[in-house]
Number of protein chains: 2
Amino acid sequence: MQAIVFDTKPRFVGDHPDPRPAPGECLVKVHTAGICSTDLEILRGYMGFTGVMGHEFVGTVVEGPARWKNARVACEINCVCGRCDMCRTGLPTHCRKRTTIGISGRDGCFADLIAVPERNLHVLPDAVSDEEAVFVEPLAAAYQVVKQCPVDTRMTVAVVGSGRLGLLVAQVLAGTGCRLQVVGRNPHTLEFCEKRQIQSVSVQDLIPRNDHDLVVECTGVPEGMKIALGLVRPRGTIVLKSTYADTGSLNLAPVVIDEVSIVGSRCGPFPEAINALARKEIEVGLMVARSYKIEKGLEALEAAADSKNIKVLLRINPR
Amino acid sequence: MQAIVFDTKPRFVGDHPDPRPAPGECLVKVHTAGICSTDLEILRGYMGFTGVMGHEFVGTVVEGPARWKNARVACEINCVCGRCDMCRTGLPTHCRKRTTIGISGRDGCFADLIAVPERNLHVLPDAVSDEEAVFVEPLAAAYQVVKQCPVDTRMTVAVVGSGRLGLLVAQVLAGTGCRLQVVGRNPHTLEFCEKRQIQSVSVQDLIPRNDHDLVVECTGVPEGMKIALGLVRPRGTIVLKSTYADTGSLNLAPVVIDEVSIVGSRCGPFPEAINALARKEIEVGLMVARSYKIEKGLEALEAAADSKNIKVLLRINPR
């Protein structure tokens with residue numbers, strides 16, 4: 001099969017061996033996949049990952065139990081043991097022995113085929129297109145913010161970072177009716193906010209006043225945390241969504257002095273994300289800048305690193 | 001009056017001008033004061049403080065409204081405006097215009113006399129000795145941990161750092177009946193834990209397993225956070241008590257990946273602390289290593305920096 005493989009650098013491989021599903025797994029033919037900032041961090045050494053890249057995708061089950069045959073699916077990325085203390089206490093996304101599709105210990109979806117655990121699959125309704133379905137995984141991660149930190153209309157909320165994830169988080173938060181602003185650097189992405197009638201401000205024009213109840217940090221760079229600390233009010237909360245390979249320097253004294261809470265936030269609920277896309281509550285079509293065939297996967301990775309492009313997709317086996 | 005003053009370095013001054021209480025303030029004659037790690041951080045530039053040092057003390061009101069006359073008091077350290085958004089919304093310790101005794105914008109208690117707002121005072125019961133009363137402020141800060149993060153008997157909890165504050169936090173947590181261990185470097189302070197029947201482990205012997213529900217970081221150094229991140233379980237909580245002048249390097253990726261919450265924690269409730277000392281629930285006498293007259297204040301500061309000494313006091317105007 002065709003695949004984009006990373007070891008010390010990313011390569012397109014035309015004859016990568018097909019994956020063989022283990023017991024409890026399905027084989028899925030990938031239609032379309034999305035490139036995420038985490039993929040770009042992997043190119044810089046994040047998680048020391050090697051193998052087939054990619055974790056955001058939509059596809060059709062081509063091998064597996066009869067009930068899944070030909071189902072069009074989205075797929076959760078954490079592959080879990082079901083037996084460790086985390087799995088047994090209701091936190092399977094934190095399984096001690098987990099592998100993570102295209103991120104840690106398991107091949108990803110930038111390929112014709114991927115083998116995934118049956119328990120990770122979610123059937124997609126027809127109302128969600130393939131292009132939209134690629135956003136299920138990152139949109140679920142965006143919904144995790146309001147799952148961890150309930151938001152109401154009285155709250156003043158900022159999203160720092162107007163990239164791929166930031167724009168999804170901003171749309172989820174806009175749905176709560178809170179007083180919201182997005183802080184970003186990139187005029188292209190701030191334009192997107194305007195189209196969605198979400199208030200936005202360029203980081204150069206920002207006057208931090210420590211007056212936001214909740215700040216969601218989605219920049220993907222260590223500097224984002226410093227901006228967030230300038231925005232959050234005493235006893236307020238910063239939700240930290242960025243993962244990056246770098247170790248930044250950070251003075252935590254303001255966290256103690258202002259008794260700020262920092263809440264790490266990773267993967268989220270697929271059903272909420274699928275439902276929101278089916279009901280057209282979240283706009284993702286406007287976020288797609290370009291799409292590439294898998295043979296042009298290296299160009300696609302470069303395009304995804306260019307801030308002009310919000311979201312870049314790989315068309316692998318289009319319907 | 002006599003005072004220990006810090007500008008670029010600490011000095012004993014024999015003829016410092018007496019403070020003059022503003023409206024709403026009392027003048028307090030200081031009996032005994034305690035040296036805290038924050039005082040040692042101030043010597044290294046923390047908060048850019050200059051003035052009379054010190055914020056932990058017990059004294060007698062010598063000037064002020066009649067109802068306070070001759071009262072023996074402990075004193076909260078945040079001096080607040082009562083009118084800003086924080087004061088009006090029930091968070092006066094986060095007053096936007098606050099000064100903090102001996103830490104920021106206001107003279108401290110390493111002196112014969114100190115002027116403090118009447119609203120900051122708490123009358124001490126006879127059951128609390130002067131030596132014990134010096135611990136009211138840091139013990140209140142220790143109670144703030146359980147105020148912010150309720151602890152129950154099923155929880156596995158670690159205190160990282162067995163210094164002055166760590167030993168107070170450990171005693172407060174021991175009172176909850178949780179499964180508790182203290183992680184420290186200093187054999188003298190770990191001995192104290194043994195005397196109090198609190199399980200302790202030297203950091204060299206620690207095997208971090210990411211299995212603690214709650215970790216309280218009290219080391220006062222940036223490295224403490226790295227140890228805490230090795231102890232906390234996925235979706236667990238780290239309470240951060242340390243403030244220090246240094247900016248440490250910190251990779252926040254584990255916070256996101258494990259969805260850890262970090263809760264900054266500063267000053268706490270005086271009534272709980274006074275009550276616990278009156279009921280002899282917290283042992284502080286054993287923590288006092290040495291006490292010095294104020295003329296020997298610089299020696300006292302050096303002694304407080306020596307890890308052999310848990311707590312060092314200044315006897316200023318003993319009863």
Side-chain angles (χ1 to χ4, degrees), chain A residues 38 41 46-47 84-86 89-96 98 100 103-104 141 144 147-149 209-211 217 222 224-226 229 232-268, chain B residues 38 41 46-47 84-86 89-96 98 100 103-104 141 144 147-149 209-211 217 222 224-226 229 232-268:
Chain A
T38 305
E41 286 296 312
Y46 180 64
M47 297 299 284
C84 72
D85 59 332
M86 290 293 119
T89 54
L91 298 176
T93 60
H94 293 284
C95 170
R96 303 279 187 185
R98 72 183 179 276
T100 310
I103 294 175
S104 171
Q144 183 72 351
K147 202 137 175 144
Q148 292 175 286
C149 300
R209 293 184 211 273
N210 287 109
D211 57 359
E217 199 290 293
M225 190 62 184
K226 289 169 196 166
L229 281 168
V232 71
R233 71 163 168 84
R235 291 267 179 94
T237 299
I238 296 173
V239 175
L240 195 57
K241 294 292 301 182
S242 297
T243 49
Y244 32 76
D246 276 351
T247 293
S249 74
L250 185 63
N251 186 344
L252 289 172
V255 175
V256 177
I257 293 170
D258 288 340
E259 297 188 311
V260 168
S261 291
I262 299 172
V263 178
S265 176
R266 186 166 43 95
C267 298
Chain B
T38 304
E41 286 296 314
Y46 179 65
M47 299 297 287
C84 71
D85 59 331
M86 291 294 120
T89 54
L91 298 175
T93 59
H94 293 285
C95 171
R96 303 278 187 185
R98 72 184 179 275
T100 309
I103 295 175
S104 172
Q144 182 72 351
K147 200 137 176 145
Q148 291 176 284
C149 301
R209 292 185 212 274
N210 287 110
D211 58 358
E217 198 291 293
M225 190 61 184
K226 289 168 194 164
L229 280 168
V232 71
R233 69 162 169 86
R235 292 265 178 96
T237 299
I238 297 173
V239 175
L240 195 57
K241 294 292 299 184
S242 296
T243 47
Y244 31 76
D246 275 351
T247 293
S249 75
L250 185 62
N251 186 343
L252 288 172
V255 174
V256 177
I257 294 170
D258 288 340
E259 296 190 311
V260 168
S261 292
I262 299 172
V263 178
S265 176
R266 187 167 42 97
C267 298

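Reminder, nothing fancy here: chain letters follow the sequence lines and each chain counts from 1.
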Donor-acceptor pair, side chain of Lys226(A) and main chain of Leu250(A), under 3.5 angstrom: no

Any donor-acceptor N/O pair, Asp258(B) side chain to Asn210(B) backbone, under 3.5 Å: no

Non-hydrogen atoms of Leu240(A) and Met225(A) that approach each other most closely: CD1-SD, 3.8 Å

Pair Ser265(B)-Gln144(B), side-chain donor/acceptor within less than 3.5 Å: no

Under 4.5 Å from a heavy atom of chain B, the part of Arg98(A) involved: side chain

Part of Asp85(B) within contact of chain A (heavy atom distance under 4.5 Å): neither

Interface residue of largest heavy-atom contact number with chain B, from Ile257(A), Thr237(A), Val260(A), under 4.5 Å: Ile257(A)

Ser242(B), part contacting chain A, at a heavy-atom distance under 4.5 Å: backbone

